[in-house]
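We count ligands from 1, going down the list as the structure has it; atoms in each ligand are counted the same way. Every value quoted in this text rests on a predicted model; they were computed, and no experiment measured them.
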Amino acid sequence: MRITGKNLKLIVNGLTVSYNDEGPINAPAIIFIHGFPFNKSMWNHQLEALQEQYRVIAYDVRGHGNSEAGDENFSIDLFSHDLLFLIDALDIEKPILCGLSMGGYIALNAIGKFPEHFSGLVLSDTQCIADTPETREKRMKAIESINTNGVEKYAEESIKNLFAVQSFSSKKEEISAIRKMIVETSIQSLSYTLFALSERKGTCSKLQDIKAPVLIMVGKEDKITPPAAAKMMHEKIQGSLLKIMEHSGHLSNLENPSEFNHQLLRFMSQFVKNPIHVKHLKELVM
Ligand code: MLT
């Protein structure tokens, strides 16, 4: 039997995973995968906007939010296995995946392994390339700095790169929510995930095999996974849609949620079969 609500718990791949699962059971399902080092609450605006018509699921990647970390070393491969186990445990057939940054790496890894398992893909502020040697070195330095100077300092440094210039005055609440998500992540999970990110394989050569509909969104001022990276994926994925988001840096779903949700809803209604129409839904509950 399906349980709906927020902060639900499920044992997946040997560890307790925290997730939200809302919206009508028979509607197409979309699974939201957060970036690093955040948690499922970064998708609250999107869940609210979609849950009347779609089954919406957001979960905490292992070691983040309220999900356990487990005993293994982290890797994007391991995160994508966790996702596949979660899909199975929730009995979802052909979900749509929506991943931001690290969430996009996980989604691309999963769709690369099982292209037939997904009915659509939304890639936000992400990329298909592996880390360059310079980026790897920066991650190793970040691990050192977290261990020496603590998580607060790491959060302050990260935030400088995450947002568009104007967001620093217009999105203060979102920035403090993101700061909280970072400082609440354990030092071990931060270090393990930084290492996992540095070791991840590129997925660019697999993009041409994606046959599901794909929407790519990226903040115009994204410094971490810039518009050029999104354009490269757009060129490689046949039929994909690309939207460059105004007023956004790396966290376009939080910095410009109205445009993000508009694009998402349009994509879902154009490409995803049989959404539950609001009118129909109301009839069902009356
Ligand atoms: C993220 O937002 O998930 C990270 O910026 C990804 C990365 O550092 O490559």
Flag if over 12 foreign heavy atoms under 6.0 Å of NZ, K9: yes

Flag side-chain contact, heavy atom, 4.5 Å: E255 against E221: no

Residue pair T193 / M102: nearest heavy atoms and the distance that separates them: CG2-SD, 3.6 Å

Atoms in ligand 1 flagged as close to G35, the criterion being non-hydrogen separation under 4.0 Å: 3 (O)

Closest contact, heavy atoms only, A107 versus L121: CB-CD1, 3.8 Å

Atom 8 (O) of ligand 1: nearest protein contact (heavy atom, Å): R139 NH1, 2.9 Å

Numbered atoms of ligand 1 (with element) below 4.0 Å of S101, judged on heavy atoms: 1 (C), 2 (O), 3 (O), 4 (C), 5 (O), 6 (C)

Of R200, R136, K201, the residue whose pairing with D131 passes salt bridge (charged side-chain N to carboxylate O under 4.0 Å, His left out): R200

Nearest neighbour in protein (non-hydrogen) for atom 9 (O) of ligand 1: Y105 OH, 2.6 Å

Test item: side-chain donor near acceptor, N256 and S248, under 3.5 Å: no

M102, K138, H250: member with heavy atom nearest to atom 2 (O) of ligand 1: H250

Heteroatom proximity flag, I224 to ligand 1, N/O under 3.5 Å: no

Closest protein heavy atom to atom 3 (O) of ligand 1, given as residue, atom name and distance to 0.1 Å: F36 N, 2.7 Å

